[in-house]
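See below for the structure under consideration.
No experiment lies behind these values; they were computed from the predicted model shown. Below, chain A is the first sequence line, B the second, and so on; all start at residue 1.
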There are 2 protein chains.
Amino acid sequence: MGGKAGAASSSLTRNQSQANHRVTSVDVAAESGVSQTTVARVFSSPDKVSPATRERVRVAAERLGYVPNAIARSLKSQRTNIVGAVVPAYGEYWQSVLAEFSRQLAERSYQLLVFSFGTPRDVDGALASVAQYRLDGVVLASATIGQAQLVGMRSSERPSVAFNQPAAEGVVPSVSVDNEAGMAELAEHLVKLGIETAAYIGGVSSASTDQVRYRGAVQTLAEHGVACPYIEAGAYTYDAGYKAAAQLAQRDRLPDAVMVGSDEVAFGVLDGLANAGISVPGDLLLTGFDGLPQASWAGYDLTTLVQTTDVLVARAIDVLMGSGAGPQEKPVSIVVPGAIRIGKTTRKSSA
Amino acid sequence: MGGKAGAASSSLTRNQSQANHRVTSVDVAAESGVSQTTVARVFSSPDKVSPATRERVRVAAERLGYVPNAIARSLKSQRTNIVGAVVPAYGEYWQSVLAEFSRQLAERSYQLLVFSFGTPRDVDGALASVAQYRLDGVVLASATIGQAQLVGMRSSERPSVAFNQPAAEGVVPSVSVDNEAGMAELAEHLVKLGIETAAYIGGVSSASTDQVRYRGAVQTLAEHGVACPYIEAGAYTYDAGYKAAAQLAQRDRLPDAVMVGSDEVAFGVLDGLANAGISVPGDLLLTGFDGLPQASWAGYDLTTLVQTTDVLVARAIDVLMGSGAGPQEKPVSIVVPGAIRIGKTTRKSSA
DNA sequence: CGACACTATGAATACGTAGTCATTCTGTCA
DNA sequence: TGACAGAATGACTACGTATTCATAGTGTCG
């Protein structure tokens, strides 16, 4: 039929398995002597076809190497079986969240389409891109997605959920760990250990998670008369933490405890302090936040707040799948508690 | 036209921004007084439309909240702008590879569709699933994809590339780090430090990367008269390494060096050894493989072979994009060298 | 035995876009 | 001025499937 020539198939006897892979349900229909409708039914609602026909179609499909075209299916059915995720391109935490989403979605026979962005400015591009695919749901991760952008998503009437993004509460359906309470719990823990001074190291001060976590720390500490200045590392990375620690080490007087807004930064702080000759927990206590796997590795053994990522992700998926309800209602905000993990970084050394 | 009713829009004046989001290029055409063809052109090849019309269409599209439908576009153009990746659901290394793919693909305006599988048995399901979406390319990651499954992919005539999977060489286009040479280099390094006995801890012995890496170690060590038995950790995880170390520690005589097949396992081995009172590098030397970020964190500072993942991924993408060439030719096998990183785990302590 | 419920199947159509071809319009050159 | 290349645009159709709607066949019951 006037194909683009290309590989002329080396004129082999057109073997079934290496046949022209443009096999459609129409071809299968012809091969098995039924209508295209019936072929479609065999692959989407098999119980509506008699066993005999079903088998005949299956055999023909196999012989021709037919594979249903999900694109066409999606166009017609308006369902893609794909969930999109808008996430930052960097960061251990987000990687682990993505992995968890991928796992749980796979269990439900959904696929994950990743839209990653390098800088906050690229978010718009990612959001524009995500809108073009008519996905069954969209996960908005990262605290650097602006409020205006969230509002834009809401109007897109496609199920979406903000993941761990306090700024989104009330604007878009959201699922978060209880950032404030979690950090407060860590602060309580420190207070009980008798600290009198403290400092907080955040990643990026404009990130809403950071703000909420800092608030949790500050309020609780203030109740016990402990001040807690904010130090900005500048990024959510190991290196940023390492450098922040170096700066901290040059101060005249070290705080009794340092609360870090995320584990990845905390690892850097820990190593940075060690490099400066400051011992943890000897000279000061240290806490993180997130509960990355590495936090429980014996090498670090960090006191932190463990997010039950599997639960958070499960809730987020529930929200996406169950949002057939009312688009007008006020968006739900699910808050999941975290669990404190005590490691050696706040264990008073017996020395 | 007889919609499914549903949200009756609360009978607001049908505002543009919250309009019925079933806006198509036909609607925009009507609104701006041009044909659907022209609207399509404005969004796919704008230079074929006069500036005046282009602007008019753009304004109308904006007003109606029109967003091109990528599904329909894909169906018609036979291009999805999406690359699929079949990867294991667990493992730091694979997470980092995925992240790198996502970043580099985003730069080229491609999206990443993730097909993750929990157990090797789920691979078939993932491969079947990936075939339905007519993706512009497929990355096959994980050494646990069988040869037969690879052959199946080849015949699918869609560009695909095996990532870090020695078994795929010659069967499917592939890109790998030079596993054998890399491990050999690490072995050389150990030999120079004067080791006389060694052991190798692999993840899963049936994985082709593991086999090739072990071969690199064994051959080089043998040349210098050093034996190197294989120990199987059972999984590519921190915990598996930790346990393997515990077992190792119970031996009568420790080897001078332990070569571990992957960093993640190596971290576990390191902590497991420490827990058993064995000091590294005091009592024995330790090497890893992969070059995960954590390897260069001061807390571990592991001697390892750093895969230049960015380069590997870039090559893999090149293969996918450039494979318009000949499907009949022998598939390319690109091997990228790694870079040895010397950390304190093989630095003879001055003590 | 006719009416009826039900199953199995097919013909026709819609999903939303992009490419082909034809047509009109503009400006240039002999 | 007429011929003609090129730009701008539109009518039509195909991409591959799922969903009506209609029709033929099968068995049940009064």
Side-chain angles (χ1 to χ4, degrees), chain A residues 1-4 20-58 60-61 64-81 131-136 158, chain B residues 1-4 20-58 60-61 64-81 131-136 158:
Chain A
M1 307 281 221
K4 276 240 185 74
N20 204 335
H21 212 318
R22 241 359 169 312
V23 184
T24 76
S25 58
V26 176
D27 300 322
V28 176
E31 177 81 7
S32 53
V34 300
S35 71
Q36 180 269 328
T37 306
T38 300
V39 175
R41 275 198 270 257
V42 168
F43 287 90
S44 59
S45 41
D47 40 324
K48 290 190 174 176
V49 177
S50 77
T53 322
R54 200 189 308 162
E55 203 42 37
R56 197 148 43 91
V57 171
R58 285 243 164 87
L64 265 48
Y66 169 70
V67 176
N69 185 325
I71 305 287
R73 185 211 303 277
S74 297
L75 179 60
K76 182 63 185 148
S77 66
Q78 308 286 28
R79 303 190 60 257
T80 53
N81 256 39
Q132 305 201 185
Y133 298 87
R134 306 303 209 247
L135 305 173
D136 292 352
R158 209 152 291 286
Chain B
M1 305 295 214
K4 278 239 184 73
N20 203 335
H21 215 319
R22 245 351 173 314
V23 184
T24 76
S25 57
V26 176
D27 300 322
V28 177
E31 178 80 6
S32 53
V34 300
S35 71
Q36 180 269 329
T37 307
T38 299
V39 175
R41 275 199 271 258
V42 168
F43 287 90
S44 60
S45 39
D47 40 324
K48 289 190 177 177
V49 178
S50 77
T53 323
R54 200 188 307 161
E55 203 42 38
R56 197 149 42 94
V57 170
R58 285 243 164 87
L64 266 50
Y66 168 69
V67 176
N69 185 325
I71 306 286
R73 184 211 301 279
S74 297
L75 178 60
K76 181 61 182 149
S77 66
Q78 309 286 27
R79 306 191 57 259
T80 53
N81 256 37
Q132 304 201 187
Y133 297 87
R134 305 303 209 249
L135 305 172
D136 292 351
R158 209 152 293 283

Mapping Pro51(B) and Lys76(B) to their closest nucleotides on DNA chain D, which lands nearer the 5' end? Pro51(B)
5'-most by nearest nucleotide on DNA chain D - Asn69(A) or Arg54(B): Arg54(B)
[N] OP1/OP2 closer than 4.0 Å to side-chain N/O of [X]:
| X | N | result |
| --- | --- | --- |
| Arg22(B) | dG16(C) | yes |
| Ser25(A) | dG16(D) | no |
| Thr53(B) | dT9(D) | yes |
| Ser50(A) | dT9(C) | yes |
| Tyr66(B) | dT17(C) | yes |

Got a second to check how far [X]'s [atom1] is from [Y]'s [atom2], nearest 0.5 Å?
| X | Y | atom1 | atom2 | value |
| --- | --- | --- | --- | --- |
| Arg73(A) | Tyr133(B) | CZ | OH | 8.0 Å |
| Asn81(B) | Leu135(B) | CG | CG | 11.0 Å |
| Arg56(A) | Thr38(A) | CZ | OG1 | 9.0 Å |

Can you check whether Val39(A) reaches Val42(A) side chain to side chain, under 4.5 Å on heavy atoms? no
State which of dG16(D), dA8(D), dT9(C) makes the closest approach to the side chain of Gln78(B). dG16(D)
Between dG16(D), dA8(C), dT17(C), which one does the side chain of Ala72(B) approach most closely? dT17(C)
To the nearest Å, give me how far apart [atom1] ([X]) and [atom2] ([N]) are.
| X | N | atom1 | atom2 | value |
| --- | --- | --- | --- | --- |
| Gln132(B) | dT17(D) | CD | P | 10 Å |
| Ile71(A) | dT17(D) | CD1 | C1' | 12 Å |
| Lys48(B) | dG10(D) | NZ | P | 15 Å |
| Arg73(B) | dA14(D) | CZ | C1' | 17 Å |
| Arg79(B) | dC15(D) | CZ | P | 18 Å |
| Asp27(A) | dA14(D) | CG | C1' | 15 Å |
| Arg56(B) | dA8(D) | CZ | P | 14 Å |
| Leu75(A) | dA18(D) | CG | C1' | 10 Å |

Look only at the side chain of Arg41(B) and the backbone of Val49(B), and say whether a donor-acceptor pair between them is shorter than 3.5 Å. no
N/O donor-acceptor pair under 3.5 Å between Arg79(A) side chain and Lys76(A) backbone: no
Scan Ser74(B) against the nucleic acid and name what it touches under 4.0 Å (heavy atoms): base, sugar-phosphate only, or nothing. nothing
Under 4.0 angstrom, heavy atoms only, what part of the nucleic acid is Ser45(B) near: base, sugar-phosphate, or nothing? nothing
Going through the checks in order, is the side-chain contact (heavy atoms from CB on, under 4.5 Å) test met by Val67(B) and Arg134(A)? CA-CA 10 Å; Val67(B) 176; Arg134(A) 306 303 209 247; 3.9 Å; yes
[X] to [Y] - nearest heavy-atom pair and separation:
| X | Y | result |
| --- | --- | --- |
| Ile71(A) | Ser74(B) | CG2-CB, 3.9 Å |
| Pro46(B) | Arg54(B) | O-NE, 3.2 Å |
| Val26(A) | Gln36(A) | CG2-CG, 4.1 Å |

Bend angle of the helix from dC1(C)-dG30(D) to dA30(C)-dT1(D) from five-pair axes at both ends, rounded to 10°? 50°
Near DNA chain D, counting only heavy atoms under 4.0 Å, which residues of residues 33-43 of chain A show up? Gln36(A), Thr37(A), Ala40(A)
